[in-house]
Amino acid sequence: MAHSEDLLVLENFIAGKFVPCSSYIDSYNPSTGDVYCKVPDSGIEEVEAAVRAAKDAFPIWSSKSPWERSQILNKLADLIEHDLEAFAQAESKDQGKTITFARTVDIPRAVYNFRFFASSILHHTTECTEMASMGCVHYTSRTPVGVAGLISPWNLPLYLLTWKIAPAIACGNTIVAKPSEMTSVTAWMMCKLLEKAGMPHGVVNVVFGTGTKAGEALVCHPDVPLISFTGSTLTAQRITEKSAPHCKKLSLELGGKNPAIIFDDADLNQCIPTTLRSSFANQGEICLCTSRIFVQRGIYSEFVKRFVAETKKWKVGNPSDPTVNMGALISKEHLEKVRSYVKKAKAEGARILCGEGVDSLALPAGNQKGYFMLPTVIAEIKDESCCMQEEIFGPVTCVVEFDTEEEVIKRANGVKYGLAATVWSSNVGRVHRVARRLQSGLVWTNCWLVRDLNLPFGGVKASGIGREGAKDSYEFFTEVKTITIKH
Ligand code: NAD
């Protein structure tokens with residue numbers, strides 16, 4: 001290969017084989033700022049080959065029983081789990097996240113995604129109704145859609161990609177996946193295990209490359225009737241436009257501007273450490289992260305004092321150090337963007353309580369060029385500020401006061417997004433009441449990120465269209481037909 005030997009060079013995975021590409025993109029290690037990997041810069045040609053392979057594999061794969069498919073998914077889960085440490089190391093290096101997060105969240109969840117859908121596919125039933133007076137029975141039948149196009153972001157690379165691959169193939173579809181060009185390594189590692197798992201060639205195809213070239217070629221391909229996308233709202237708008245002429249089935253999981261609402265009867269001993277995690281876990285690069293904290297006036301001062309003190313204890317540094325709480329942000333450009341929000345807040349007269357521009361960050365010698373910043377808390381900021389309205393997607397959270405339940409619901413709903421919210425109170429009636437009125441696809445009360453994969457996941461407003469989960473993914477990745485039998 002025409003690349004320097006010390007660089008990791010990825011290849012597309014098409015029809016069960018690794019295939020080199022004619023051009024490559026640099027991929028950076030966010031904790032050092034060095035190029036360490038070359039990612040195929042695929043385009044129409046590569047996507048065409050992958051779609052053809054997926055189309056060819058569809059008749060055989062879709063006619064397998066759910067049980068046969070389930071066995072292969074479980075085997076793949078076992079193989080990833082066997083290599084968990086290697087996957088975690090790769091994810092941490094590629095994305096900048098801490099090794100601890102990759103070991104305990106990303107890779108275990110990728111394994112679980114396969115196990116979960118291997119099991120859930122065995123338990124679906126279809127509907128049946130009877131019209132005795134007409135002598136008719138009606139029932140529904142579900143069949144896989146065909147070639148599914150799966151496009152995923154960089155923040156939880158293998159976790160979110162497998163959350164799409166597992167249900168798509170469990171339902172009998174074949175797939176062409178396009179991971180983020182910034183975090184492609186673990187998807188490539190997964191491809192190496194497919195043969196051993198018994199996956200027939202062409203069922204899973206992965207093309208690497210940018211969104212504008214490879215992603216758009218997939219979205220526009222006439223033989224891909226379904227697109228499952230997780231990423232930004234802006235990209236989703238483009239995908240919707242491009243796929244509209246083909247009337248494609250779309251699932252869009254998008255950005256958020258998630259509120260935490262903390263009432264004065266909240267248990268702060270639980271609320272503070274959880275809100276710290278919900279604000280800064282994975283460098284704040286989770287679509288479900290809290291970025292607006294509304295605190296009732298009576299406990300505002302105490303909350304802020306304790307929250308800032310805990311934030312200052314968070315250790316930022318080399319992601320492979322297991323004592324570190326926060327690693328590097330994904331890219332230099334993203335780091336600059338996140339920092340620019342803090343600058344804007346300051347210029348508007350807000351107060352930066354800790355972090356960016358206030359405290360100093362000491363980094364190990366090898367990480368001086370990495371994309372690091374301190375977790376940052378902003379106060380005295382107006383609801384209309386861009387920091388309170390736009391998704392920052394980094395370790396920055398705003399904390400503001402409120403007085404009444406009515407007021408906070410209105411303010412929490414006053415953004416274009418509606419993905420996730422948390423509500424903290426010991427009043428059971430109140431948490432139900434507030435949860436029902438929040439414009440949000442998910443509401444956690446007195447906790448955060450506790451997920452039952454059986455139940456729907458997704459957002460409202462600019463946070464997305466469609467839901468994913470056991471039943472929802474089954475419905476999305478299959479077509480339903482109503483059949484009437486007259487007897
Ligand atoms: P992004 O929209 O820039 O990219 C996501 C994916 O889409 C990448 O693979 C990218 O290459 C591809 N892409 C870009 N332009 C494309 C185009 N024109 N056609 C087809 N594909 C294209 O998002 P990102 O920066 O990678 O990820 C961060 C965003 O993802 C944030 O907004 C975050 O909130 C969101 N996100 C949402 C969820 C959720 O479940 N709701 C989960 C994680 C991340």
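Values below: every heavy atom of this structure, side chains too, minus hydrogens, waters and symmetry copies. Predicted model only: the values in this text are computed from it and were never measured. Counting convention: from 1, in listed order, for ligands and their atoms alike.
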Is the contact between [X] and ligand 1 made by the side chain, the backbone, both, or neither, using heavy atoms and a 4.0 Å cut-off?
X      : answer
Arg238 : side chain
Ser152 : backbone
Pro179 : backbone
Leu419 : side chain
Glu181 : side chain
Lys242 : neither
Leu156 : neither

I want to know if ligand 1 touches [X] in the polar sense, i.e. an N/O pair below 3.5 angstrom.
X      : result
Ser232 : yes
Glu391 : yes
Thr212 : no
Thr230 : no

(request) Check for a donor-acceptor pair, side chain of Arg467 on one end and backbone N or O of Gly459 on the other, with a separation under 3.5 Å. (result) yes
(request) State whether the side chain of Asn173 and the backbone N or O of Ala168 hold a donor-acceptor pair below 3.5 Å, judged by distance alone. (result) yes
Do [X] and [Y] touch side chain to side chain, with heavy atoms closer than 4.5 Å?
X      : Y      : value
Glu390 : Lys416 : no
Val147 : Val176 : yes
Pro375 : Val316 : yes
Val377 : Phe307 : yes

(message) Can you confirm if the NZ or CZ of Lys471 lies within 45° of the ring axis of Tyr474 and under 6.0 Å from the centre of its six-membered ring?
(response) no
(request) Give me the one residue out of Pro167, Cys171, Ser228 that meets side chain to side chain contact (heavy atoms under 4.5 Å, CB included) with Phe476. (result)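 Testing Phe476 for a side chain to side chain contact (heavy atoms under 4.5 Å, CB included) against Pro167, Cys171, Ser228 leaves exactly one candidate, Ser228.
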(message) Taking only non-hydrogen atoms of Ser180, do any sit less than 4.0 angstrom from ligand 1?
(response)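 In this structure, Ser180 qualifies as a contact of ligand 1 - some heavy atom is under 4.0 Å.
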(message) If the contact criterion is a heavy-atom separation under 4.0 Å, does Ser463 count as touching ligand 1?
(response)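 The answer is no, since Ser463 has no heavy atom less than 4.0 Å from ligand 1.
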(request) Using heavy-atom distances, let me know which of Tyr159, Phe393, Tyr417, Trp163 sits nearest atom 28 (C) of ligand 1. (result) Phe393
(message) I want to confirm something. Looking only at heavy atoms, which of Leu234, Leu150, Ile151 is nearest to atom 12 (C) of ligand 1?
(response)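 Of the listed residues, Ile151 has the closest heavy atom.
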Result block: side-chain N/O donor-acceptor pairs under 3.5 angstrom for residues 153-161, not counting sequence neighbours:
from   : atom 1 : to     : atom 2 : distance (Å)
Asn155 : ND2    : Glu285 : O      : 3.1
Tyr159 : OH     : Arg109 : NH1    : 2.8

Counting each atom of ligand 1 from 1 as listed, which ones have a heavy atom of [X] under 4.0 Å away?
X      : answer
Leu160 : 42 (C), 43 (C)
Asn155 : 43 (C), 44 (C)
Trp154 : 24 (P), 25 (O), 26 (O), 27 (O)
Lys178 : 8 (C), 9 (O), 10 (C), 11 (O)
Gly255 : 32 (O), 34 (O)
Leu254 : 34 (O), 37 (C), 38 (C), 39 (C), 41 (N)

(request) With sequence neighbours excluded, tell me which residues meet side-chain contact (heavy atoms from CB on, under 4.5 Å) with Thr235. (result) Phe229, Ser232, Ile239
What is the nearest protein non-hydrogen atom to [atom], stated with its residue, atom name and distance?
atom                    : answer
atom 27 (O) of ligand 1 : Pro153 CB, 3.3 Å
atom 20 (C) of ligand 1 : Gly215 C, 3.4 Å
atom 22 (C) of ligand 1 : Gly211 CA, 3.3 Å
atom 42 (C) of ligand 1 : Cys287 SG, 2.9 Å
atom 15 (N) of ligand 1 : Thr235 CG2, 3.3 Å
atom 18 (N) of ligand 1 : Glu216 OE1, 2.8 Å
atom 35 (C) of ligand 1 : Gly231 O, 3.2 Å
atom 40 (O) of ligand 1 : Phe457 CE2, 3.3 Å

(message) Using the side chain to side chain donor-acceptor pair (under 3.5 Å) definition, which of the options Arg292, Arg411, Gln389 pairs with Asp383?
(response) Arg411
(message) Less than 3.5 Å apart, any donor N or O on the side chain of Asp94 or Thr183 sitting next to an acceptor on the other?
(response)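 No, no side-chain donor-acceptor pair sits under 3.5 Å.
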(request) Check Cys398 against Cys387 and note the closest heavy-atom contact, atom names and distance. (result) SG-O, 3.8 Å
(message) Looking at Ile44, I'd like to know if its CD1 atom is crowded, meaning that more than 12 non-hydrogen atoms belonging to other residues, nucleotides or ligands lie closer than 6.0 Å.
(response)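 Not buried by this count: 12 neighbours or fewer within 6.0 Å.
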(request) Would you indicate whether Lys248, at its atom NZ, is surrounded by more than 12 heavy atoms from other residues, nucleotides or ligands within a distance under 6.0 Å? (result)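 Count over threshold, so yes.
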(message) Salt bridge or not between Lys315 and Asp321? Use side-chain N to carboxylate O under 4.0 Å.
(response) yes
(request) Test Glu241 against Gln237 for side-chain hydrogen bond (donor to acceptor under 3.5 Å, both in side chains), laying out the working first. (result) CA-CA 6 Å; Glu241 269 173 37; Gln237 285 163 350; over 6 Å; no
